[in-house]
Protein chains: 2
Amino acid sequence: MTSIPATGPDDPSALDPRRLLILRAVAQAGSMSAGARALGWTQPAVSQHLQALERSARTPLLLRHSGGVTLTEAGRAAIVHADAIAAHLDAASREVAELAALGAGTVRLAAFPSALAVLVPPALERLAATSGVEVRLVEAEPPEAVELVRSGDVDVALTFGYAESPGVPSDLRGVGLGTDPVDVVLPTTHPAADRGDLRLADLADDDWVAGCVRCREHLVACAATEGFTPRVRHETDDYVVVQQLVARGLAVAALPRTALAAYRHPDVATRTVEGLGARSLHAAHRAGVERVPAVSALLGALRRPARGGTTRTRTGAGA
Amino acid sequence: MTSIPATGPDDPSALDPRRLLILRAVAQAGSMSAGARALGWTQPAVSQHLQALERSARTPLLLRHSGGVTLTEAGRAAIVHADAIAAHLDAASREVAELAALGAGTVRLAAFPSALAVLVPPALERLAATSGVEVRLVEAEPPEAVELVRSGDVDVALTFGYAESPGVPSDLRGVGLGTDPVDVVLPTTHPAADRGDLRLADLADDDWVAGCVRCREHLVACAATEGFTPRVRHETDDYVVVQQLVARGLAVAALPRTALAAYRHPDVATRTVEGLGARSLHAAHRAGVERVPAVSALLGALRRPARGGTTRTRTGAGA
DNA sequence: GCGCAGCCATAAGCCATGCTTGGGCCATGA
DNA sequence: TCATGGCCCAAGCATGGCTTATGGCTGCGC
């Protein structure tokens, strides 16, 4: 694969686009001197450029006469394309500048359900208030979300991790978005629901409903520290389903507060217990993308104190 | 008028078109190294160019990761225009090269009637045989033809001149196309028609029909040298009309051989006399245009020995 | 698990591009 | 006839930009 390209930039017969633009400026100005003034250069500089351009064109592009220059047929042909090049160059500069200034751009964000419900909406609201960045959302649990980042299908993935399992794989980069304490969820009728000094071990004989693999592993690990192995009867990621099961008295569960902020069943009680720890929240992305303004803005919006559940502060009726 | 242009090439936020093309090559190749190989450069050269491009863009255009690079949104936006720029650059190069290689182009030629009838057709035939140059013809007597060159309405003017009046004005350039001897035109019934040693003064008592101003002036000047003033009864540029008048015995005349090659009335005799001289034929043009290939080719075709009247050498029956 | 290969970034050096100043020629117009 | 304005040329110099050399990082294969 050492083939030489058909017409590379070093092709002697290829025209230098910058010199075409100089030709254009001169043609518009009517003379090399006027063109040079418009470009902020001296006249010999422009003259040399155009001589070089004509040398590579192997034909005169303009006729010099007292009072200025006029285009030859070849010069007119070149100018047509120079105009188009100038237009595209201008468009490219404007579009890129707009992306750089946060006036445009879209970021694809993958997030797990509770984050999507609680963390993301206020962040998007802030983002929309201060920029023209658009965000496309994809719901995905951390493993899939990470894979979407790796494949380039999304730019940022909201993930979580526990002490024993990192939230951001080593081949990606990420920023921490704080911790999300895990609480115990009990039926309101559960004897331990009102217990003053509740410990995790107090629930060693209960049936449990667990979530994703890592959540269950975390639960099991915490329980092991407390000296028991939880009986996991049911498995579901869905925090609504979990609470429905708990409310019916079918099991107890451990849910992060974010999930509880997204949805809270009236017939469950939540208790903070020692030894259940917290999950850490992360925004994972490929190295380098954090320098993209739109991504950086989204990360910044996510990092703001989004605590406060789903309450949206808006103009309107106060509390 | 020392105003700075709104967005000149030295605008720091403007993107360098050459660097956009480098970005394009890298994006197509998949990595800076491969792009550098395709461009015939080393990897650091490309890397530095793209860093400079991103600096002027004020946002990353591509993400570096092991195995190569991928475009960011801004990079994709830039590439779209880079593709267009590359296409226009290629089109400009091809069109200009075609004009330089005589594969295309049009030259506008003004000529006086007898040249248009005798000199031009064989020249155009030769030109068409060896190039794709097209010629647009305009009939104009030398004064108007010169004016058309000055105004830029034509590229080349075929003109003639006499010893006392140049064929090419000093503000234009031109090439000589040879001389065109002026002969006397007599009715075949004229007593001098068969005279052995005919001199111009022998026609001092005849009525004359003269052509354009300079032709008449030339005739008058020649006659003055011979010691008489011709009686100019009629005036017309048209060499057919002149010969019609002569054939009827209404006058004698002086006509260039080119005009006689274009049309020869059967009832007139032509005689070469001392002291009538010749007119010189020229191709006049603005300084510099002779370097335009199409113009140069036309001038070359005109300069060939076009003598031989209107006879065209073609494949077919020989003499 | 470890070395290797590929890729990109950086540093230093050097050459050439390309800009500037100064001067000259030419054509135009007062 | 001179003054003006345009383009070209020559010479000098600075900067841009390419090269070589090196290092860090990642991912893959043994």
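Order of the sequence lines sets the chain letters (A, B, ...), proteins ahead of strands, with each chain counted from 1. Computed over heavy atoms, backbone and side chain alike; hydrogens, waters and symmetry mates excluded. This structure is a prediction, so every number in the text was calculated from the model and none was measured.
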A.B. asks: Only pairs at least two apart or in different chains count here, so list each side chain to side chain donor-acceptor pair (under 3.5 Å) that has a residue in residues 94-110 of chain B.
C.D. replies: A:His81-B:Glu95, B:Asp90-B:Arg94, B:Arg108-B:Asp155

A.B. asks: Which nucleotide of DNA chain D is the first, and which the last, in the 5' to 3' direction, to come under 4.0 Å of a heavy atom belonging to chain A?
C.D. replies: D:dG6 to D:dT26

A.B. asks: Can you tell me the distance, in whole Å, between the CD atom of A:Gln51 and the P atom of C:dG18?
C.D. replies: 13 Å

A.B. asks: Could you list the donor-acceptor pairs under 3.5 angstrom formed by side chains in residues 169-176 of chain B, with sequence neighbours left out?
C.D. replies:
residue: B:Asp171; atom: OD1; partner: B:Arg150; partner atom: NH2; Å: 3.2
residue: B:Asp171; atom: OD2; partner: B:Arg150; partner atom: NE; Å: 2.5

A.B. asks: Please work out if B:Thr42 contacts a base, only the sugar-phosphate, or nothing of the nucleic acid, heavy-atom cut-off 4.0 Å.
C.D. replies: base

A.B. asks: How far does the helix from C:dG1-D:dC30 to C:dA30-D:dT1 bend, going by the axes of its first and last five pairs, to the nearest 10°?
C.D. replies: 20°

A.B. asks: Could you pull out the closest heavy-atom pair between B:Val120 and B:Ala111, with the gap in Å?
C.D. replies: CG2-CB, 4.3 Å

A.B. asks: How would you list, by chain and number, every residue that makes a side-chain hydrogen bond (donor to acceptor under 3.5 Å, both in side chains) with A:Arg19, sequence neighbours excluded?
C.D. replies: A:His49

A.B. asks: Look only at the side chain of B:Arg279 and the backbone of B:Cys215, and say whether a donor-acceptor pair between them is shorter than 3.5 Å.
C.D. replies: no

A.B. asks: Can a donor-acceptor pair be found, under 3.5 Å and without considering hydrogens, that links the side chain of A:Ser47 to the backbone of A:Gln43?
C.D. replies: no

A.B. asks: With a 3.5 Å distance limit and no angle check, can you tell me whether A:Glu290 reaches the backbone of A:Gly288 through a side-chain donor-acceptor pair?
C.D. replies: yes

A.B. asks: Describe the nucleic acid contact of B:His49 in one word from base, sugar-phosphate, nothing, applying a heavy-atom distance below 4.0 Å.
C.D. replies: sugar-phosphate

A.B. asks: Keeping B:Ser280 on the side-chain end and B:Gly161 on the backbone end, is there a donor-acceptor pair under 3.5 Å?
C.D. replies: yes

A.B. asks: Indicate, with a heavy-atom threshold strictly under 4.0 Å, whether B:Gln48 touches base, sugar-phosphate, or nothing.
C.D. replies: base

A.B. asks: Under a 3.5 Å distance rule, please check whether B:Arg64 uses its side chain to pair with a backbone N or O of B:Leu62 as donor and acceptor.
C.D. replies: yes

A.B. asks: For A:Val156 and A:Val295, run side-chain contact (heavy atoms from CB on, under 4.5 Å): C-alpha distance rounded to whole Å, both residues' side-chain angles, the deciding distance at 0.1 Å, then the answer.
C.D. replies: CA-CA 8 Å; A:Val156 179; A:Val295 172; 3.9 Å; yes

A.B. asks: What's the CG-P distance between A:Leu53 and C:dT17, to the nearest Å?
C.D. replies: 16 Å

A.B. asks: C:dA9, OP1 or OP2 - any side-chain N/O from B:Ser47 closer than 4.0 Å?
C.D. replies: yes

A.B. asks: Expressed as a whole number of angstroms, how long is the span from B:Met32:CE to C:dT10:P?
C.D. replies: 10 Å

A.B. asks: Nearest whole Å is fine: how far is C:dT17 P from B:Trp41 CH2?
C.D. replies: 13 Å

A.B. asks: On DNA chain C, nearest-nucleotide positions of B:Arg64 versus A:Ala45: which is more 5'?
C.D. replies: B:Arg64

A.B. asks: Would the distance check show the side chain of B:Arg214 and the main-chain N or O of B:Pro143 forming a donor-acceptor pair, the cut-off being under 3.5 Å?
C.D. replies: no

A.B. asks: If the sugar-phosphate is the primed atoms plus P, OP1 and OP2 and the base is the rest, what is the B/S/- string for nucleotides 22-28 of chain C, using protein heavy atoms under 4.0 Å?
C.D. replies: B----SS

A.B. asks: Go nucleotide by nucleotide along DNA chain D from the 5' end; which of A:Gly30 and A:Arg18 gets its closest nucleotide reached first?
C.D. replies: A:Gly30

